[in-house]
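Have a look at the structure below before the remarks.
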Protein chains: 2
Amino acid sequence: MDHLPDLPAEGRIRAVVSDLTPAVDGGRFAVKRSLGETLTVEASCFADGHDAVLALLCWRRDDESATTWHAVPMQPLGNDRWRATLRPDRCGRWWYSVSAWVDPFRSWRSQMARRTDDADIRLAALEGASLAEAAAVRAGDALADRNQLLRWAERLRNDGAHADAPALKALALDDTMAEVAGRHPDRRWPAVHAPMPLDVDRALARFGAWYELFPRSLGEGGRHGRFDDVIARLPAIAAMGFDVLYLPPVHPIGRVRRKGRNGVVVAGRDEPGSPWAIGAAEGGHTAVHPQLGTLDDFRRLVGEAERHGVDIALDIALQCAPDHPWVTDCPQWFRRRPDGSVQYAENPPKKYQDIYPFDFECEDWRGLWQALAGIFRHWIAQGVKVFRVDNPHTKSFAFWEWLIGTLRREHPDLVFLSEAFTRPQVMHRLAKLGFNQSYTYFTWRNTRAELTDYLEELTAGPGRDYFRPNLWPNTPDILPEYLQSGGRPAFVARLVLAATLGTSYGIYGPAFECMDARPREPGSEEYLDSEKYQLREGGHADGDGLAPLIATINRIRRDNPALQFPGGLRFLPVDNEQLIAYAKHDAASGNAVVVVVNLDPHHVHTGWLELDPAAYGGGDDEGSVQMHDLLGGERYQWAPGRNFVRLDPQRLLAHVFQVRRRVRSERDFDYYL
Amino acid sequence: MDHLPDLPAEGRIRAVVSDLTPAVDGGRFAVKRSLGETLTVEASCFADGHDAVLALLCWRRDDESATTWHAVPMQPLGNDRWRATLRPDRCGRWWYSVSAWVDPFRSWRSQMARRTDDADIRLAALEGASLAEAAAVRAGDALADRNQLLRWAERLRNDGAHADAPALKALALDDTMAEVAGRHPDRRWPAVHAPMPLDVDRALARFGAWYELFPRSLGEGGRHGRFDDVIARLPAIAAMGFDVLYLPPVHPIGRVRRKGRNGVVVAGRDEPGSPWAIGAAEGGHTAVHPQLGTLDDFRRLVGEAERHGVDIALDIALQCAPDHPWVTDCPQWFRRRPDGSVQYAENPPKKYQDIYPFDFECEDWRGLWQALAGIFRHWIAQGVKVFRVDNPHTKSFAFWEWLIGTLRREHPDLVFLSEAFTRPQVMHRLAKLGFNQSYTYFTWRNTRAELTDYLEELTAGPGRDYFRPNLWPNTPDILPEYLQSGGRPAFVARLVLAATLGTSYGIYGPAFECMDARPREPGSEEYLDSEKYQLREGGHADGDGLAPLIATINRIRRDNPALQFPGGLRFLPVDNEQLIAYAKHDAASGNAVVVVVNLDPHHVHTGWLELDPAAYGGGDDEGSVQMHDLLGGERYQWAPGRNFVRLDPQRLLAHVFQVRRRVRSERDFDYYL
């Protein structure tokens, strides 16, 4: 006979919440925002029939009680879509959700507004009285509301006898009472979306300029550089406007199978080896290289950097040199070859015999994870808050999710930068797992089409809510071909692109400043005499130095909010393929920047640029604007539509315009914002 | 101190499965397929590092053991995407999932293929021996495989001593042994996607022609029609090629506040009332109207229809006339007005006092749901398998999900058609909840741009995996303006469009066949003298009848697989806005149809149509094709590129071409497929 299997606990929930955005893999991973950003949530909220539906955006921090939700009403956008915005004000894990319900009071009011039949109006007024009384009960301690509602209910109930129907209808539609009742809605049967995770990071995770150098190269007269030399360099780095100083690994370097200059397999006597071959008799991942100084020296560096407003980023490379203490102390964390030797890194026919990877499939994976977490905890204890993680894509995904989640629960202001130039899905996965920033393919995107497609993918593609790009024109591993052949103009072009397309960008500084353009051999992207394997005292190559331009660029970044937020990027058409142009606009401040770069470092290029006022927040009736070139200082008057540009690599092959809109003031003067 | 909170149960699962498609709201709702269709599943499967990953598509029927999964290997598509296809062969709920894992054997083999160092090859052969032995253990009872693997392992282990490295490498890379080992992979640590629901329906849910009529109009000489009259009409309906005969509600009609001709509020004596005003002294939703016959007569009709290959679809309208027995027997299922009267349906200022809706928010919602399910169960017991549900969007979503899920678990071959012309999100929600088919906005999509946009949305939009359109040019409620003013050509155009754009389509038959085009009043979409309120013996209007053309169209539909599957639709450019052209192609059979319709019922139109061979499965080097007009009988020779069309409404304003491709046979004759 009839029975009722699989009956829901409550069948009277008539509203629905669906298609909530943003969401990363349906809530499996967190959406990312930083302090200073907002989270705009949209959802489809509707119910059967024609009753009124109301919706709330709800949120709470993970460290608040799971039953304490803050809420703000959502606004209808039409077609059953609703929207509300939240501005998170503290770092860490948050949760957000949307709740919607059929609202009997609003439904009643909407029907009342359309009623024309006197008898129906009188009956409906009685219904309204019941609804008002129910709202009064819900008002509870809000005594003023409660009393207003009760008085109103009484009139709705009693005026029917003597007031005429139109007067009764007007009383029922009283706006103030709708507002009072609206404060105490009937939420007996709400539809509630599953809570969605949100990770809120410090602003540095979104906006920062990174500078990479090898401390050991900072010594003078052939002396091995020390942390104290880095401290001495801090004022110059801060003056250039950098936010992060990133150091390659600072640990003892293995002596067994140490590599020599330019990566040759056998190092000569006294060659320093690669900082990424970690561990020797002096210690492993928690020790410092004796020639760099002591742990005390390192802590002093971190403190001094903080005084300059600079974060020290440490490179964590989870791999061992053959003489790393763990190779003998914890043999269970390494794979063995059939001859009993430890398995080195290899990608046949290539061998990396100086590097032993950890075996994430070992029996003692718990012990390994704990030890690796210990490395991070050790450096956090020394004051480090920013980690650049080397090759995370060759370590277990599950490990990263656990590690970053665990550490950020303890220290919500940590920032992890993923150094992975690998398959797109793997890079995206790492970002979903918790990395706050990611290296990108920017390094190899040179033409206008390549740059446009890639930046549109980064800023508008599915990764926009979790994949934060950090754009690097060069790294110690990569001297791109474009920089090898383009001379100073090529460096300027890549610098301007990285610093204005990316809210975060970085340079391998000493080599970039001096425009080192010599590859190890033709066709190679390795630097000749790379600092990875040797000291490079006093920089890399001759040249008149990019430091002043870099300082200008970083100042422009700090002065213009448009360059500090990932949204608001729009490419502008130019009728010359060698010229790339884009606007960045920050709606909150009204700030707008237009950048034009000549991508050809060898020739002057001219073109007509199509300026759409919408790109800088202007309306259809927008007049001309002043384009103030913050690089060159010139000011131009541009109008919506076609404008002429000419960029000479021998002079300066980029414009970085601040857009100054003409505003008619109350006293009828024109001025520029 | 260090601790390991939130550690996963197994940290060695290195593979990932993500972005599985298709999926409806991340698996919250079922993907729909029908018998005869395939389900092609794609997923991103990858792991950290460079080891080989393998992936399986797994599936099971809901009625199979939850641990019994069938599986087929997925094929890599590049960029870490994988694909496999499943052909479900039984109706009901299925589950599918994807499992991926890092495969040590494939990883070893891939490395071996790239090895050049003799010593490494010898060591790797020993590793291979271990892997082969492990595979032999997994082979278990597959004795042939087991023995082959063990023999091979022995050679890999021992040949190293005397064979040279290239010979050893060749032995290790033996293709047959790779195949044998591949049959017994090491799946200790698989990543498994959460199971995703799939609803498999009978083919009728995908492909069918529907015919709606009012049985009570089939009587002769003013007599009320009976089920026996419907039985007598069955041969004609089957001869026209219809698959479903859909009947408005067949229950006793309320006498209280019964509506009269053309919907006037007070019915005259002896007026029959609306079949949707359900319930009177004779019974409610489980009774039959005495003048239509008995329940036995009804069962006989269902059986006779089945003999003709026709399904009887019953209209279920979950609402009551004021004299429905439940109004007095189960008063708790209805809302009361403040004066104690039952709340009728209303949308102020409109009132529908002859209709009492159920209160889905009543205390006894469980009892109500059970009773409503009982209605469906009653008619299922009479042999009905197809239900057209009236206005489902005004009843609780949760109810529909429970009802359809419950009934289809008992009867997997049920088909529910959702009659909802409401907001898009609501219509989509109903489809997600389980309705197998849905009414659409096709009825009001007339221009080429409207039709193109809407059909592209239906076939390629997010609803493609759960929202099955059923296209209706008219219904008893809707006589669209286009049909009112366009004469016979308008009816022909809408018929051809519905029957070739939709795999399912339906007509309110007697009115359509006779091209009834008279509205109740100018500007109304209601029929004059609508059958909803009165008997219309012998049809609707004069005219030479569309029955022969309808029969031809339905035969074309049955002969051409391209018209039976929802995919493979492509619109073709024509340089005349009044001409719409599209190709439908079924890859499995190779069948292709090209339809051209003149949307202007008043004028001859000509144009050049751009024929892209890809639209009918042709390649770039495709020659000319024969276009065989299945409506008019003519054959044309068309070439890729521009082809001329001319359509005269006074003759026939549509082509339905079967595309016959020229194939060079082995004996060098040309013939047409």
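In what follows, chains carry the letters A, B, and so on, assigned in the order in which the sequence lines appear, proteins first and then strands, with residues in each chain numbered from 1. Atoms considered below: every heavy atom in the structure, side chains included; atoms not considered: hydrogens, waters and symmetry mates.
- Rounding to the nearest 0.5 Å gives a distance of 6.5 Å between CG of B/Leu7 and CH2 of A/Trp402.
- Residue-environment remark: CD (A/Gln343) exceeds the threshold of 12 foreign heavy atoms within 6.0 Å.
- Chain B forms more heavy-atom pairs under 4.5 Å with one residue of A/Glu361, A/Lys395, A/Arg14 than with any other, namely A/Glu361.
- Residue A/Arg335 qualifies as open at atom CZ: its count of foreign heavy atoms under 6.0 Å is 12 or below.
- Contact tally against chain B (heavy-atom pairs below 4.5 Å) for A/Asp51, A/Val102, A/Asn347, A/Leu430: the top residue is A/Asn347.
- In this structure, B/Glu10 places its CD atom where more than 12 heavy-atom neighbours from other residues, nucleotides or ligands lie under 6.0 Å away.
- Ranked by non-hydrogen atom pairs under 4.5 Å with chain A, the options B/Asp25, B/Leu123, B/Leu126, B/Thr394 are led by B/Leu123.
- Interface check for chain B: of the options A/Arg81, A/His393, A/Arg429, the most heavy-atom pairs under 4.5 Å are formed by A/Arg429.
- Listed options B/Pro424, B/Pro348, B/Gly49 were ranked by heavy-atom pairs under 4.5 angstrom with chain A; first place goes to B/Pro348.
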For this session: Give the C-alpha distance, both sets of side-chain angles, the deciding distance and a yes or no for side chain to side chain contact (heavy atoms under 4.5 Å, CB included) between A/Gln425 and B/Val16.
Result: CA-CA 10 Å; A/Gln425 305 242 29; B/Val16 159; over 6 Å; no
Could you give me the CA-CA distance, side-chain angles and deciding distance for B/Glu346 and A/Arg114, then say whether side chain to side chain contact (heavy atoms under 4.5 Å, CB included) is met?
CA-CA 11 Å; B/Glu346 62 171 347; A/Arg114 287 174 282 131; over 6 Å; no
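- Heavy atoms only, all atoms of each residue included: A/Trp369 and B/Gly11 are closest at CZ2-O, 3.6 Å.
- Put simply, of B/Ser130, B/Ala113, B/Ala47, B/Pro357, the one with the most heavy-atom pairs under 4.5 Å next to chain A is B/Ala47.
- Looking only at heavy-atom pairs under 4.5 Å with chain B, the residue among A/Arg409, A/Lys432, A/Arg28, A/His50 that has the most is A/Arg409.
- For B/Lys350, no part sits under 4.5 Å from any heavy atom of chain A, backbone or side chain.
- In this structure, chain A has no heavy atom under 4.5 Å from any part of B/Glu401.
- A salt bridge does not link A/Arg122 with B/Asp339: every distance from a Lys NZ or Arg NE/NH1/NH2 to an Asp or Glu carboxylate oxygen is 4.0 Å or more.
- With chain A as partner, the option from B/Val426, B/Thr116, B/Asp80 having the largest number of non-hydrogen pairs under 4.5 angstrom is B/Asp80.
- Residue B/Arg188: no heavy atom, backbone or side chain, is found under 4.5 Å from chain A.
- Taking 4.5 Å as the limit, every side-chain heavy atom of A/Phe29 sits out of range of all side-chain heavy atoms of B/Ser18.
- Annotation: maximal heavy-atom pairing with chain B below 4.5 Å, among A/Gly26, A/Ala398, A/Pro349, A/Pro462, occurs at A/Pro349.
- The contact between B/Asp120 and chain A is made by backbone and side chain atoms together, counting heavy-atom distances below 4.5 Å.
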- Query: Can you check salt bridge (Lys or Arg N to Asp or Glu O under 4.0 Å) on B/Glu127 and A/Arg336, steps first, answer last?
  - Reply: CA-CA 10 Å; B/Glu127 276 175 28; A/Arg336 300 275 150 185; over 6 Å; no
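- Contact of A/Trp400 with chain B is not made at all, since no heavy-atom distance falls under 4.5 Å.
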